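The structure appears right after this line, and notes come after that.
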Amino acid sequence: MLKYIVKRLLWMIPIVLGVLLIVFVLSAITPGDPLDVIVGTDAEYEVREAARIEYGLDKPVTVRFFSYIFGIVTRFDFGKSYASGLPVIFELSKRFPVTVKLTLLAVGVALVIALPLGVLSAVKQYSWIDNVTMVAALFFVSIPQFWFALMLMLAFCVKLKWFPASNITGWSSWVLPVAMAGVSSVGNLARVTRSTMLEIIRQDYMRTARAKGQKSIVVTFKHGLRNALMPVLANVGNSIGVSLGGAVIAESIFSIPGIGQYMLGSINSRDWPAVQGGLVLLAVSFSIVMLLVDIAYTIVDPRLRSEFKMDKKKKAKAKSVKEVSA
């Protein structure tokens, strides 16, 4: 198991390098000069050149790319912001917990809603409950998140005045952003749960459990849902990635001080170190989430646990045979 985790962690390196390479190439070919953000458009030539040297903009893109990677590895340095002149890591450390909280709340609420809906839709297959649930799931998957956020704001902030329209002032400020960020995850998780449960409830062990006189709800949730969680867990990892993307929109519309709002403002002002730092942080976070999902497989599925134990026993046996032969 440890070997598998280390292998997955090593695979994160080319992923992060690929993300960084794409950002560096895009920043190099994007029109505009970052010096306009650093010193302004009216600065004298000497001032502009001094700032160019200070921020390393006089060097080729390849040199800046490897210098940036070296700074992250050796000093955990994500560079200085062009707009504020402060280290990017300061802003990221303040804003990242807000984005994580929004994402986890969105996925958690989506799970609480989607799992019962998916199970109920599978148990009541081809009924009006099944039809309504699947139409709602398709609607939630297809709806544009920014439009949904504006409709939520119009209905609950402007018309009903139930929730604040911007900033985080209390628990009520999280309701609409969480609903917007998690809406597409509800549809995906409900559909995956339904399709998996439809296969599970037709298995022989489910019929045997019912024949023994166990209650239907116990058979469905204890025997059925547990075995249906594998595909759902895989979809949870993807849902976290989708919610991270939705957090960018939610933070921008509802003025939440997270990574998404910070990156969007940095893109508009061509503050490339801030964009690069945010993308690296999101890429690493998503990779770690997918690793945790894979580890969760072994907790849910006893077959995988036994497989890891068998590999361990085989290695121990091979080692003992080798020692005896020596």
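Nothing here was measured: the structure is a model prediction, and the numbers come from that model.
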Contacts table for residues 99-117: side-chain donor-acceptor under 3.5 angstrom, sequence neighbours left out:
residue : atom : partner : partner atom : Å
Thr99   : OG1  : Glu251  : OE2          : 2.7
Thr99   : OG1  : Ile259  : N            : 2.7
Thr103  : OG1  : Thr99   : O            : 2.9

| For Tyr82, all residues meeting ring-ring contact (aromatic ring centres under 6.0 Å, His included), sequence neighbours excluded | Tyr55
| request: For Phe156, check ring-ring contact (aromatic ring centres under 6.0 Å, His included) against everything at least two apart and list the hits. | output: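 Applying ring-ring contact (aromatic ring centres under 6.0 Å, His included) to Phe156 gives Trp162.
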| Would you say the side-chain atoms of Ser142 pair up with the backbone N or O of Phe139, donor to acceptor, closer than 3.5 Å? |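 Answer holds: no.
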| query | With distance as the sole test, does Ser195 use its side chain to make a donor-acceptor pair with the main-chain N or O of Val192 at under 3.5 Å? | reply |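 It does hold such a pair.
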| For Ser127 against Lys124, the heavy-atom pair lying closest together |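 Of all heavy-atom pairs spanning Ser127 and Lys124, the closest is OG-O, 2.5 Å.
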| request: Run through the side-chain heavy atoms of Ile, Leu, Val, Met, Phe, Trp and Tyr, join any pair under 4.5 Å, and report what else lands in Leu120's cluster. | output: Trp128, Ile129, Val132
| request: List in chain and number order the residues that pass side chain to side chain donor-acceptor pair (under 3.5 Å) with Gln125, two or more places apart in sequence or in another chain; answer none if no residue qualifies. | output: Arg202
Anything under 3.5 Å between a donor and an acceptor, one on a side chain of residues 61-68, the other on a protein residue two or more places apart or in another chain? List them.
residue : atom : partner : partner atom : Å
Arg64   : NE   : Lys59   : O            : 3.4
Ser67   : OG   : Val63   : O            : 2.8
Tyr68   : OH   : Phe78   : O            : 3.4
Tyr68   : OH   : Gly277  : N            : 3.4

Would you please name every residue forming a side chain to side chain contact (heavy atoms under 4.5 Å, CB included) with [X], sequence neighbours left out?
| X | answer |
| --- | --- |
| Ala149 | Met180, Ile253, Phe254 |
| Leu17 | Ile13, Ile69 |
| Phe70 | Thr74, Arg75 |
| Ser252 | Leu264 |

| message | Taking salt bridge (charged side-chain N to carboxylate O under 4.0 Å, His left out) as the definition, give me every residue that meets it alongside Arg95, ordered by chain and number, with sequence neighbours left out. | response |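 Expected list: Glu91.
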| Which residue pairs pass the side-chain hydrogen bond (donor to acceptor under 3.5 Å, both in side chains) test with at least one member in residues 271-282, sequence neighbours excluded? |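 Output for this query lists Ser81-Asp271.
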